[in-house]
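Worksheet: the structure to be examined is printed underneath.
Predicted model, so just to flag it, every value in this text is computed and none were measured. Chain identifiers are assigned alphabetically (A, B, ...) following the order of the sequence lines, protein sequences preceding nucleic acid strands; residue numbering begins at 1 within each chain.
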Amino acid sequence: MATVEIRDVRKSYGPVDAIKGIDIAIRDGEFLVLLGPSGCGKSTLLRMVAGLEGITGGEIAIGGRVVNTLEPKDRDIAMVFQNYALYPHMTVFDNMAYGLKIRGIPKAEIRARVDKAAEILELGRFLDRRPSQLSGGQRQRVAMGRAIVREPAAFLFDEPLSNLDAKLRTQMRVEIKRLQDRLRITSLYVTHDQVEAMTLADRILVMNHGVAEQIGTPLEVYQRPASLFVAGFIGSPPMNVLDGRIDDRGEAVLVPGGQRLPLPQPRPTDAGRPVKLGIRPEHMAVAAEGFSIEIELVEALGADTVVYGRLPDGETLLVRMAGIPTVRERDRMTVAPQADALHLFDAVSGRRME
Amino acid sequence: MTFDSRLLPYLLLAPQVAVTLVFFIWPAAQAVWQSVHLQDAFGIRSEFVWFENFEHVLTDPNYLDTLKVTVVFSVAVTVLSMGTALLLAVLADSKIKGARAYKTLLIWPYALAPAVAAVLWMFIFNPDIGSFGRALRALGYDWDYRLNGGQALWMVIMAASWKQVAYNFIFFLAGLQAIPRSVMEAASIDGAGPVRRFLTITFPLLSPTTFFLLVVDMVYAFFETFGTIHALTQGGPGKATETLIFRVYHDGVVNNDLGGSSAQSVILMVIVIALTAVQFRFIERKVHYA
């Protein structure tokens, strides 16, 4: 059990800056998810914590001890890889016991620890099998077991579920959550899947182009996205973003097409300022007055329905409605956002306007 | 894609079958036939003599000496070429500058004909004209592989191993590269240092490659080193570097004893088949195929 502190960590490959200064302190027992699109540097950051990649600048401390120059084996961490990285020539038992044997732990204790992990992960029947004789989900469990038996200061997960099919992924996600509630070990979890991030995380660090766009609890990230990037990345279907301008008295946002959306609180200092207006599809509802859209596509998902509408100026507007569809393609409808569900972003920097 | 013709599979196999028949089955059958016959010096008449040729060969103390030389030579060549190749492959697989150039250079010796390679070694180690040979003599070491049997054996072992290193290297390198990097990373996170990683992860995962090369290298040492030995020492001095295959050639082609030479060929064939069978039976059990 330990904290993990990442202080202004940077990584460059020659002239290319892959990570441009990340700062975060992960609390003891906290589950932090690194979320971002491929190539954003999230895996690189995780591998730097593991000691598999060198650190160009900054400091990483695990349990208060700076580990920048330590070998992976001396960092007291365990890692679960995307492709499991099991030892193919060893049985499940030996896979889990490998790290313990190296650390000179007595045989009886190794047996006890592996048995306990196998019980938690329901692997008891498979201890004598080789990885090649297991299914993808079982291999994933062995990889987790190998991490658990070590009782490390921190767990590192590198997209552990992305090689599994959708059903197994949901199942394993729940299992990881249960495991985390039970073990409470500081964890860093890399994923590009927002559902995994929202369900597992105590806090999410949203990364883009080597920068932390936002650090916050899942609900903070959803309710108050710090930038247009976060707004677009979290939430499905993604947030609608419209060009707009705050009116001269700072009381409403004007959008093309003549719509005037009153602000919950007046912003006299921002009067006349161009903005990007974000509205989540689930915060739109049919109204007497508002955006007039022509329906292009209706996706019936069962529990709810996503309507793809076109505004008079050609922009697409997504609306999510509960239940089965009540409208048809090529119909016209009028929708309006809930008054308190407007997100304003600076038109130039894309940062949230508080 | 499927073909309806029943003939096509046979047609596609025919070239390979023809080559095997003409260059392997037929000569092998000839050898067996000749090994139980005694031919006159002109090759006109031959007489069926049962196993007399084998009796002659196996009771000849010289033949047993040759067998000893062959065992020393084959084991040395196999161990030396595989060990060196594995070491070089491990080095080439790590992240070093110029790894590509290094790999290419290591593969080149395989493209040399055995006789050419042997001549290169001669130019280096010849006591009169070889650079290294002369240096050794200048330092006061009595180096002359043309007179000293031990030195001659050492030299053919080196030359034969050197050529096979390139072949082994390619396979070991491919084997190493087939080991997922993440498995090695997992091992280093689990606490294994470089030496332990090699012994507990790399080497076991390489075992199919190692086993394959063990069979190939034994066969190489037995059969394909003829050119190297012929060009370097002609089996001499005395019979210090005469291996079984060289003796087959010498007795058959130089001394015209076709029956005796054929009997030796048959014995050699039996030895190699037996060795391969033993290797498959006892070593393959311990080999892990991932």
Enumerate, atom names and distances included, each donor-acceptor pair closer than 3.5 Å involving a side-chain atom of residues 7-25 of chain B, sequence neighbours excluded.
{"unit_1": "B/Thr20", "atom_1": "OG1", "unit_2": "B/Gln16", "atom_2": "O", "d": "2.7"}

(Q) Less than 4.0 angstrom from a charged side-chain N to a carboxylate O is my criterion; do A/Arg169 and A/Asp165 meet it? (A)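 No, no charged N to carboxylate O under 4.0 Å.
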
Q. What part of A/Leu86 lies closer than 4.5 angstrom to a heavy atom of chain B: side chain, backbone, both or neither?
A.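 Just its backbone gets close to chain B.
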
Donor-acceptor list for residues 167-176 of chain B side chains, cut-off 3.5 Å, not counting sequence neighbours:
{"unit_1": "B/Asn168", "atom_1": "ND2", "unit_2": "B/Ser81", "atom_2": "OG", "d": "3.3"}
{"unit_1": "B/Asn168", "atom_1": "ND2", "unit_2": "B/Asp217", "atom_2": "OD2", "d": "2.7"}

Q. Can any side-chain N or O of A/Arg139 pair as donor or acceptor with the backbone N or O of A/Leu134 at less than 3.5 Å?
A. yes

(Q) Quick check: under 4.5 Å, non-hydrogen atoms only, which of residues 70-80 of chain A neighbour chain B? (A) A/Pro72, A/Lys73, A/Ile77, A/Ala78, A/Met79

Q: Taking the six-membered ring of A/Tyr87 (Phe, Tyr or Trp), confirm whether the NZ or CZ of A/Arg146 is under 6.0 Å from its centre and within 45° of its axis.
A: yes

**Q.** Residue pairs fulfilling side chain to side chain donor-acceptor pair (under 3.5 Å) with at least one residue in residues 196-206 of chain B, sequence neighbours excluded
**A.** A/Tyr98-B/Thr200

